[in-house]
Every structure is written in C-alpha cells, then in structure tokens.
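This chain uses plain numbering: 1 for the first residue, then up along the sequence.
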Amino acid sequence: MTIINDDLKGLDALSVESIEAELAKFEQEERARLGLPNQTAKQWIDEVPREFLASQRAHTTILVCGLTMAHDLFIQAALRGIGYNVRAMDVPDNDALQYGREYGNRGQCNPTYFTVGNLVKYLDGLREQGMKTEDIVKNHVFITAGACGPCRFGTYVTEYRKALRDSGFDGFRVLLFQQTGGLKQATGDEVGLKMDPQFFWAVIRAVMIGDAMNALGYRIRPYEVEAGATDRAIEKSKGIVSEAFATNSSLVKALYKVRKEIGAVKVDRTKVKPKVGIIGEFWAMTTEGDGNYGLQRFLEGEGAEVDIQVVTAWLLYMLWQSKYDTNKRAELRGTDQKQHAEGGSKFGLEGVDVRKRMVSLWAGEKVLRTLFQTIANAIGLKHFHLADMDEVAQVSHAFYDNNLRGGEGHMEVGKLIQNVAYSKVNMTLSVKPFGCMPSSSVSDGIQSFITELYPQAIFLPIETNGDGAVNVYSRVQMQLFKAKQVAAREVETALAEVGMTIDEVRAYLAKHPELMHPFHKSPHRSGSTTADLIYEVGARRNKLAYWRGKVVDLVTRKTQKEERAAHQHVLSVARKAAEKTTRKKSIVKTAPEQDEHEVEHAERPPIPAGRKSLNVIN
C-alpha cells in the first residue's frame, strides 16, 4: 500500500482519515500562502425566535392552521380544554397566496406561499385593527410541523422567518413540533407548550374525530335528498364536539349526539354517481380552499362522490416508516452508531433494544387503529377501512422503492394501484403543488407505468399554483365524463347480474328503509356506490341464502382469504411488470454531421449535429 508523508504514517492513502488529513494540511498551506488567519471561522446562523415559556402562556395566543376546517376547529377546542389560548386561522385563500408571493422567496411550492402568506395576512389584519406590532409579536406564537427530505417542507420555518421579518414582524415565534418536544428550555424555565401525553391525547382525538366527520360528510352529501342538509348537520356537529373539547365534558356523549344529528339526513343512493379518489401531496389534497381550487366541492357539484384521504393514514405511514427503518438498520453488520460517533446517525440503534422498539411501534399502531375505529363507529362511519401500510408498500415497491422518502413517498403509487386493481373508485385525481419535487416525480413519472399496466385506469394529475382554475376545472370535467360512463356501465352490469330493474331496486329499498339509512354502507364490489347497493339488494332478496352465506363466511373466513389472494395477485402482476420494464435496454446515438446538400434534400428536418437520441430496445 502507498503511505503518505511522515505525519500520516500507518494510514492507508485511500482511507477517509488520510484524505481528511491531506485536505486539512492543504488548507493550512493555502491559508499561509494567502495570508488568511488559521483559526476556524464561526459559521453564521440566522437565529429563529422560538422561546415560549410557561410564564408567557396566560397572555400568549397560539395560532394553528394547515389541515381541514374541522381539524383546525377541533384542535383549537382541544388545546383550549387543556389550558391554552388557541386561535385557528381561516383556510388559506388567494389573498393569502398574494401575501406569500410578496414576502416569500421565489421558486417556492404552493403550500409554502399559501401557509406562510396566511400567517402574515392574519397578523397584518391584527395590525390594521389597531394592535401594535410589538404586542402582536409578544402575544402570539405560531405552531406548525417540520420535516426533512427531498422537499421544501423542510425549509418552511426559514420561509416563515423571512416573510415575517420582511412584513414587519421580526421576532415573531414559529414553533416546530420536533423543536418544542422537551419540558425545559435552555434557560431551565418550563416551556409554554408542553409536548406531554395530555397534549398528544388531545390532538390525536381532535384529528381522528375530524377525519371521521369529514369522511362521513363526503360519503353522505352526494346522495342527500334535501340539498344542504348534510352541511347543516355537519356544522351543528362541529359545534357539539368543539364544546365538549373546550369544556372537558364527555366526548362519548358528544359523538352520539353527532350520530343522531347526522343520522337524520335522508339519502337516495340510487342516484348514479362516479366515485373519485383524491391522492397526492399531503397539503394540496387535504386543504379545502383555494390551495387546490376547492376540488372536493367542485367534484361534488359536477355530480361525483369524493373519496378523501384521512390524516390518520399519515400517522400510520409515519409508524410504518419507523418500523421499516428499524428492521433495516437492525440488519446492518457491526454497531449502528449514534450521531456522536464519526459516520454515525441520529437514527442509529446503538444502545437501543430493537425488540422493545418494534413492540412499542406495533402497539402504537394497534392503539391508533382501535381508537379511530371506535370514534368512527360512534359517529356512524361504518365499514371505513384504514389502509394496510404493509400492503401499500409491497404493491408499490416494484415501481417506487420504499427507501425513497419525501412527500407521500411510495403511497401515491400504491394507492393508484389499489384504486384500479380493486375497483375502489372510478377515477383517481392526483393533486400536487406546482413544482412539488417528490409528488411531481411520482405523478408525472412513475404513474405512467401504472396506467400502462392498468389501461382501464382513469388517472388525472393536477398541478396547483393558485392560478389557472378554469384550465384545471376543464381537465377534471373531461376525465369525469369518462368516469360517469364507467359508473353507469357498472350499474347496468349489476342490474343485469341480479336480474332487476332500477325501479324494482327502489321498491325493495322502500320496504327495507335500513338500507337507505345515511350510515349504511354496502359491501364493496364496484367503484360506484350505487352498483354496490344493487348487488346487496340482489343478494338480500333470498334471505335464507343471504344469511347462510354470512354464516359460512364468518366460519370459513372466505372473504379474508379472497382479499389475501387478490393482494398476492396484484403483487405478482406489479413485480412482473416491473421486471419487464427493467429488462428494457437503451442505447444512445449521436447524430452525425450533415453537409448542406444532405440537409437541403432531407425528407425530414435534420437532427442538430451532436445531439443525442435515446433508442429503447425491448
């Protein structure tokens, strides 16, 4: 082996230590040659105000925003119930977008402009009402989530800092979840926002009740007999739950009051409507305002039923990531060192009982699922199934590696595959901000393989930037027309298979009003809710056969076996398709030089000299 100079004897010339030592020696020599000081320069850091002490809690209002209107309202009430002054800001609108564009950096993604602008807009409104800037900064704090990865989401706090400073609110405090987790500040004083079990218990229940109420509303509203009845029931229900949170009264009683209120809405599910599943970037598919052109309500207005993604699914995805990463790191050879060691990581498993952590994560998932199903059943959301994150990961891994993170990760791919393969919806709409790095690479790249694998898929990716709503609506309407045709064909097929007409189905429903209850959910067979209902009516006509089948299924677990078999089939199809794709070979050819005579008599425009063309060979 080659050995370096005397100072580095014993070191391999290609080792990291040797290379680092050579670089350090070269740096010292260059500093001496250029006359630069040898001491290590102190890195400049833009200090972000984050101190929020318990002594400030009484006069400080915590601002929250970022999810749906129901979520923000319930989080506001839940935190008020445990002693905090909380204010939920309005859903970001186009005015907030203009504030974000005015004070934010160029080239940011849509959620950044909307959420940052919404905060500045709210504070500017307080200032216009006569409140002094110093009092606004002193008596308010904004709490949001933070993250890292190939996404601008990791720089949101910096964007908040820049916009607040430029708009005259320098010193305003923005707290991130991961930054405020301790119970003590550096000063030794107690923090103003305790991330303790009481806090998380309040927030998680607020999120899950918001999820259940939103899902129930989107399930019932398209089929309501009286226009606006669902919205009135939902608004009254929000007030009932908010009061229970704020006054620390019984949530169980509140949920059953909500059940009674929403259960009074009359529905007619014989109205044929296509079901549209919304997936995509988390904020863009969740918000209910101008940030995604109000697509949920637009789709309903165009005659569709909307299948939304719930925030609880994101929590399950976070748990899945922890389980997956822990398993992978546990397989590493040697010691998976912590961050204190050279080459270590803050995620290292050094000194961690892996088995205990896995049990804790498994238990955490069970608790989340059980709590959500309890809330869903109490409120009337029957047969709502949270996604199996292992299955989503398995069907998507062949196309989008589970180790790639950022945004929704592999979930977008997995959701589209399941939507089409299991006929969960008639159309899938992927909503993402303009320039969203993780989501754009998925929707505009990987998803093309999925639509090639499932040509019957009606898939539409939409980019939002706050402008061009008419263009977006037009594109959605064109694909929705196809989805309506598919839904109509599903209903025709269902009627033919059960041997009934739609009038006969309605007559049967009139005699069995329990099937027309707003909480009723027919067993899944098609993308359209109406088709599912027809199949159920056809099966129920023969009571003896229907209940015998129920008992046999309960004993033999036939349905569960069929679901597992279907998953294995989808998994096999995905893997074979991915293998076929990876076997494709490509060669790169450079266009040759052409003289003027060849160019003049060419049958097609010439390829510029030197340009490379890609030929794919199967």
Side-chain angles (χ1 to χ4, degrees), residues 212-237 255-276 299-308 373 376-385 423-426 483-484 487-547 549-550 553 559:
M213 194 172 293
N214 284 337
L216 188 58
Y218 283 112
R219 179 183 285 184
I220 295 175
R221 192 182 300 109
Y223 303 99
E224 62 186 8
V225 174
E226 180 188 351
T230 306
D231 284 339
R232 290 193 296 270
I234 292 291
E235 286 304 313
K236 190 171 182 179
S237 299
L255 292 180
Y256 278 99
K257 287 181 182 178
V258 168
R259 182 188 183 96
K260 184 177 179 181
E261 191 69 35
I262 301 178
V265 178
K266 289 179 169 45
V267 298
D268 176 13
R269 291 194 173 90
T270 61
K271 296 185 291 186
V272 182
K273 294 180 178 287
K275 187 182 292 183
V276 179
L299 286 165
E300 288 183 344
E302 292 296 314
E305 176 187 353
V306 180
D307 181 45
I308 62 169
Q373 292 301 336
N377 291 332
I379 207 174
L381 182 65
K382 296 182 178 180
H383 307 297
F384 185 93
H385 302 290
S423 298
K424 296 178 68 175
V425 297
N426 301 117
K484 288 179 179 179
R489 287 196 297 268
E490 286 181 344
V491 170
E492 291 174 1
T493 301
L495 289 171
E497 290 185 10
V498 302
M500 299 177 70
T501 65
I502 193 65
D503 290 333
E504 290 174 335
V505 171
R506 291 188 177 116
Y508 183 91
L509 293 173
K511 296 178 181 179
H512 300 80
E514 68 276 9
L515 299 182
M516 293 296 286
H517 195 278
F519 298 154
H520 180 74
K521 181 73 168 67
S522 299
H524 170 67
R525 286 192 59 175
S526 302
S528 166
T529 295
T530 305
D532 287 342
L533 179 62
I534 293 170
Y535 281 119
E536 184 181 16
V537 169
R540 280 178 175 266
R541 280 193 304 172
N542 188 333
K543 291 184 179 181
L544 181 60
Y546 176 77
W547 288 109
K550 284 281 188 181
D553 183 59
T559 301

(request) For residues Thr529 and Lys273, determine if any side-chain heavy atom of one lies less than 4.5 Å from a side-chain heavy atom of the other. (result) no
(request) Decide if atom NZ of Lys266 counts as having more than 12 heavy atoms of other residues, nucleotides or ligands within a radius under 6.0 Å. (result) no
(request) For residues His512 and Arg540, determine if any side-chain heavy atom of one lies less than 4.5 Å from a side-chain heavy atom of the other. (result) no
(request) Report the distance from atom CG of Asn377 to atom NE2 of His383, rounding to the nearest 0.5 Å. (result) 8.5 Å
(request) Indicate yes or no: at least one non-hydrogen side-chain atom of Leu533 is less than 4.5 angstrom from one of Leu509. (result) yes
(message) Checking the side chain of Gln373 only, and the main-chain atoms of Phe384 only, is there a donor and an acceptor separated by less than 3.5 Å?
(response) yes
(message) Does any part of the side chain of His385, heavy atoms only, come nearer than 4.5 Å to the side chain of His524, both counted from C-beta?
(response) no
(message) Please determine whether side-chain contact (heavy atoms from CB on, under 4.5 Å) holds for the pair Met500 and Ile534, giving the CA-CA distance in whole Å, both sets of side-chain angles, and the decisive distance to 0.1 Å.
(response) CA-CA 9 Å; Met500 299 177 70; Ile534 293 170; 5.9 Å; no
(message) So, taking the atom named NZ in Lys260 and the one named CG in Leu255, what distance separates them when rounded to the nearest 0.5 Å?
(response) 15.0 Å
(message) To check you understand the geometry: which heavy-atom pair defines the closest contact between Gly217 and Pro222, and what is its length?
(response) O-CD, 4.4 Å
(message) Test your reading of the model: is there a side-chain donor-acceptor pair from Thr530 to the backbone of Arg269, 3.5 Å cut-off?
(response) yes
(request) Evaluate whether atom NZ of Lys521 has more than 12 neighbouring non-hydrogen atoms of other residues, nucleotides or ligands under 6.0 angstrom away. (result) yes
(request) Start with the C-alpha gap between Val498 and Val537, add the side-chain angles, then the distance that decides, and say whether side-chain contact (heavy atoms from CB on, under 4.5 Å) holds. (result) CA-CA 8 Å; Val498 302; Val537 169; over 6 Å; no
(message) Which residue is it: Thr270, Val267, Asp268? I am looking for the one with a side-chain contact (heavy atoms from CB on, under 4.5 Å) to Tyr223.
(response) Val267
(message) Restricting to non-hydrogen atoms, name the atom on Ala510 and the atom on Pro513 that form the minimum distance, rounded to 0.1 Å.
(response) O-CD, 4.1 Å
(message) Closer than 3.5 angstrom, by distance alone: can the side chain of Glu490 be matched with the main-chain N or O of Ser526 as a donor-acceptor pair?
(response) no
(message) Please find the pair of heavy atoms, one from Pro274 and one from Ala487, that lie closest to each other, and give the distance.
(response) CA-CB, 3.8 Å
(message) If we ignore hydrogens and angles and just use 3.5 Å, is the side chain of Arg219 paired with the main-chain N or O of Pro518 as donor and acceptor?
(response) no
(request) Rounded to the nearest 0.5 Å, what's the gap from CZ on Arg259 to CG on Leu381? Could you check? (result) 10.5 Å
(message) Check Glu497 with Arg525, please: is the shortest side-chain N to carboxylate O separation under 4.0 Å?
(response) yes
(message) Quick one, Arg232 with Glu224, criterion salt bridge (charged side-chain N to carboxylate O under 4.0 Å, His left out). Give me CA distance, side-chain angles, the key distance, then yes/no.
(response) CA-CA 12 Å; Arg232 290 193 296 270; Glu224 62 186 8; over 6 Å; no
(message) Side chains of Asp307 and Tyr218, heavy atoms from C-beta outward: is any pair under 4.5 Å?
(response) no
(request) State the CD-CD1 distance between Glu261 and Ile379, to the nearest 0.5 angstrom. (result) 11.5 Å
(request) Side-chain contact test, heavy atoms from C-beta onward, threshold under 4.5 Å: evaluate it for Thr493 versus Tyr535 and give yes or no. (result) yes
(message) Is any side-chain heavy atom of Ile234 closer than 4.5 Å to one of Ile262?
(response) yes
